[in-house]
2 protein chains.
Amino acid sequence: MVTLVEVARHAGVSASTVSYVLSGKRPISDLTRRRVRDSIEQLGYQPHAGARALASSRSRIIALMVPLRTDMYVPVMLEIAVAVATAARAHGYDVLLLTGEEGPAALRRVTGSGLAEAVILMDVQLDDERLPVLRAAGPPSVLVGLPGDPSGLSCVDLDFAAAGALCVEHLAGLGHREIAVIGEAPGVYARHTGFAERTLRGLRDRAAELGAGLLHRPCEGGHAAVAGVLARVFDERPGVSAFVVQNETAVEPLLALLRRTGRAVPEDVSVVAVCPEPVAAQASVPLTSVAIPAQELGRRAVERLVTGLSARPGDIGPRGGGPADGGPGAGASPAPGVELLAPVLTIRDSSGPAPAGRGGVRS
Amino acid sequence: MVTLVEVARHAGVSASTVSYVLSGKRPISDLTRRRVRDSIEQLGYQPHAGARALASSRSRIIALMVPLRTDMYVPVMLEIAVAVATAARAHGYDVLLLTGEEGPAALRRVTGSGLAEAVILMDVQLDDERLPVLRAAGPPSVLVGLPGDPSGLSCVDLDFAAAGALCVEHLAGLGHREIAVIGEAPGVYARHTGFAERTLRGLRDRAAELGAGLLHRPCEGGHAAVAGVLARVFDERPGVSAFVVQNETAVEPLLALLRRTGRAVPEDVSVVAVCPEPVAAQASVPLTSVAIPAQELGRRAVERLVTGLSARPGDIGPRGGGPADGGPGAGASPAPGVELLAPVLTIRDSSGPAPAGRGGVRS
DNA sequence: CTGAAAGCGCTAACAG
DNA sequence: CTGTTAGCGCTTTCAG
């Protein structure tokens with residue numbers, strides 16, 4: 001392996017000069033810089049990651065914790081993960097992939113060993129067991145998702161409450177008075193996953209404001225489950241003229257079942273989804289939907305992290321520094337606070353005016 | 001940060017003893033071992049990853065390269081990635097997530113810098129540009145997937161050719177004489193992705209052997225695309241009584257369209273899929289299918305890698321380093337060779353005897 | 001069975 | 001603008 005010292009020798013300079021050429025942390029004459037760069041090139045030099053991490057206490061690695069269970073939102077998860085990796089690279093960071101399996105211990109491990117200098121958490125739950133680790137002088141971190149108590153934490157997420165409200169507004173504006181919500185699998189709610197509950201709150205609150213009826217039903221994925229839920233919905237509320245779906249695996253079954261039971265979309269029934277764009281656009285009826293901006297979420301998470309990280313050397317936080325910081329996690333955390341991306345509703349072919357006979361257009 | 005020296009002091013032993021307690025590379029008396037372990041516990045000691053990597057030339061990190069484009073097989077990809085991460089942890093390794101974006105350069109980077117000591121490649125193409133890097137004294141590596149020329153490389157994959165053959169056998173056994181294949185998006189074939197072509201070959205070969213007609217059509221995801229393909233299929237070959245689908249996003253649209261055009265599954269038309277189990281099981285008609293064993297693939301890949309890696313001494317030569325020191329890939333690669341997992345066909349509700357009037361039961 | 005000590009390759013004060 | 005020099009924390013000879 002070719003080392004920095006060899007490069008220095010080859011270029012006729014000292015080791016530190018090579019180091020500084022690489023880091024740009026002090027002025028270097030053009031001539032020297034060129035010489036060093038040439039030597040690096042010729043020798044095919046690559047700095048040793050471990051040595052760097054040891055000497056600088058910076059590993060340039062961000063740990064990304066993805067959920068172990070892949071029972072939901074799988075495409076979104078991968079898309080976020082890839083976006084995180086891509087954005088991280090753009091800032092000179094690499095990404096370490098952690099599964100939820102080890103739980104909080106994994107965070108302690110990668111962080112305590114200096115393997116990763118920061119973490120991004122996906123699939124955050126309302127009362128997430130990993131959060132205490134982050135709060136207690138933990139490593140710089142950003143959550144993709146919103147826990148019950150985000151105080152002292154940095155979070156990025158879609159504003160699911162607003163997304164829910166937006167769906168209801170759209171449907172109410174079209175005259176729908178009875179709306180049914182096909183939600184995530186019961187397990188998702190049981191785990192108290194923030195986004196599902198927030199969406200529901202947004203839906204309910206706006207429905208109440210607008211005087212529309214709202215019926216919510218969790219739903220496992222797959223055709224059979226959707227069939228069951230759908231039957232019960234129409235049984236309980238025959239006047240339902242619109243659906244909001246937040247469950248990727250329920251989208252096609254729902255459309256198929258509506259079709260089969262003789263309900264045309266959007267003439268008889270409107271459908272609005274909260275899902276990734278491709279799912280909505282490629283559905284058998286292109287769906288009016290609120291997109292889940294996976295790429296954007298990943299990118300933002302990394303950016304929050306990196307802006308904090310780069311303001312590093314032994315200095316107090318650049319802005320709004322927390323209380324006394326002295327623990328091992330003295331690294332500059334990103335500014336705490338919640339960043340909610342505004343939802344965007346795209347109108348496609350699945351939503352239309354409420355049928356006159358059913359819900360009754362509001363006068 | 002608490003260091004090994006502090007642990008040593010606390011336990012009243014030397015630094016090397018602590019190190020050896022940790023590595024188990026030399027006999028330690030029970031008493032000493034217990035004392036050291038206690039100190040480690042009490043002080044909450046965690047070895048510094050960078051220092052370790054530097055001193056031992058082993059980072060205990062495996063790089064996993066996932067495809068950048070997430071246009072296909074997304075759930076499978078994530079499942080494999082998670083399986084890799086989980087299996088790696090079980091062997092004491094962590095996983096670095098690389099996207100295809102940087103291409104071969106990423107491999108050189110993480111490998112040349114000692115960041116990762118081995119790599120796993122997903123979504124391998126027939127003539128993959130990353131392979132030269134691996135062949136030329138590259139790092140220990142395993143491919144999930146099969147390139148055109150796997151010589152000198154270690155690969156794990158489902159035996160897609162056998163999977164294809166299996167599908168045809170099953171259908172032919174049920175009396176179907178005209179089979180249509182709904183394949184991956186044209187882009188997948190254009191990129192010469194191995195698995196798609198191998199499946200096709202398996203399908204064609206066995207169909208020829210059994211004297212069945214086979215019509216193959218690549219297909220973009222989504223309802224509209226499938227509708228177009230389907231129409232043309234029945235136009236060209238009205239006698240088609242069975243479908244093989246290898247495209248997750250085409251499964252539901254296909255079923256919906258068959259239904260809508262009055263073809264009952266499996267009474268009029270049989271459908272067999274090559275896809276992950278959940279997709280097949282949750283379809284609107286539970287599908288007879290050949291599973292893609294994502295977990296197994298991830299696990300095997302890691303195991304191949306690790307068995308090679310552990311048979312590797314700490315480092316190469318004595319100090320005073322000789323100049324002739326192989327490239328970065330001086331490590332022990334896993335035994336080259338291709339490991340193909342045997343496909344398993346699970347019969348569900350979507351396949352049945354060919355209708356008498358259509359394809360004509362073989363006498 | 002245990003200690004002492006020499007680095008691994010790099011960064012970041014200190015000196016010019 | 002550049003060089004010298006301590007380490008960063010750990011592994012691994014070499015001695016005992």
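Lettering follows sequence order; numbering is per chain, from 1.
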Distance, rounded to the nearest Å, where A/H48 contributes NE2 and D/dC8 contributes C1':
14 Å
Over how many whole Å does the gap from B/M1 atom CE to D/dC8 atom C1' extend?
10 Å
Charged N to carboxylate O under 4.0 angstrom, A/E117 versus A/R60?
no
Whole-Å distance between C/dC1 P and B/K25 NZ?
19 Å
Less than 4.0 angstrom from a charged side-chain N to a carboxylate O is my criterion; do A/E41 and A/R37 meet it?
no
Is B/D38 salt-bridged to B/R35, cutoff N-O under 4.0 Å?
no
Does B/D149 have more than 12 heavy atoms from other residues, nucleotides or ligands lying within 6.0 Å of its CG?
yes
In whole Å, what is the span from the CG atom of A/L54 to the P atom of C/dG7?
17 Å
Modelled atom types, side-chain donor and acceptor of A/S19 and A/S16, under 3.5 Å
no
Atom-to-atom span, CZ of A/R58 to C1' of C/dA12 - whole angstrom
14 Å
Which of these nucleotides, C/dA12, D/dG9, C/dC10, is closest to any side-chain atom of A/S56?
C/dA12
Measure the angle between the two terminal helix axes of the helix from C/dC1-D/dG16 to C/dG16-D/dC1, five base pairs each, and quote it to 10°.
30°
Rounding to a whole Å, what distance do you find between B/L115:CG and C/dG9:C1'?
14 Å
Rounded to whole Å, how long is the line connecting atom OH of A/Y45 with atom C1' of C/dC10?
7 Å
With 3.5 Å as the limit, what N/O pairs link the protein to nucleotides 1-3 of chain D?
| residue | atom | partner | partner atom | Å |
| --- | --- | --- | --- | --- |
| D/dT2 | OP1 | A/S29 | OG | 2.8 |
| D/dT2 | OP1 | A/T32 | OG1 | 2.2 |
| D/dT2 | OP2 | A/S29 | N | 2.8 |
| D/dT2 | O4 | A/R26 | NH1 | 3.0 |
| D/dG3 | OP2 | A/S14 | N | 3.0 |
| D/dG3 | OP2 | A/S14 | OG | 3.4 |
| D/dG3 | OP2 | A/T17 | OG1 | 2.8 |
| D/dG3 | N7 | A/S16 | OG | 3.3 |
| D/dG3 | N7 | A/R26 | NH2 | 2.9 |
| D/dG3 | O6 | A/R26 | NH1 | 2.7 |
| D/dG3 | O6 | A/R26 | NH2 | 3.4 |

Give a yes or no on whether a salt bridge exists between A/E101 and B/R89, defined as a side-chain N under 4.0 angstrom from a carboxylate O.
no
May I ask you to say what B/T3 touches in the nucleic acid, namely base, sugar-phosphate or nothing, with a heavy-atom cut-off under 4.0 Å?
sugar-phosphate
So which pairs with a foot in residues 130-142 of chain B pass side chain to side chain donor-acceptor pair (under 3.5 Å), sequence neighbours left out?
B/D128-B/R130
Under a 4.0 Å N-O cut-off, is there an ion pair linking B/E296 with B/R299?
yes
Scan side-chain atoms only and decide if B/S14 and B/T17 contain a donor-acceptor pair under the 3.5 Å cut-off.
yes
Nearest whole Å is fine: how far is D/dC8 P from B/E6 CD?
11 Å
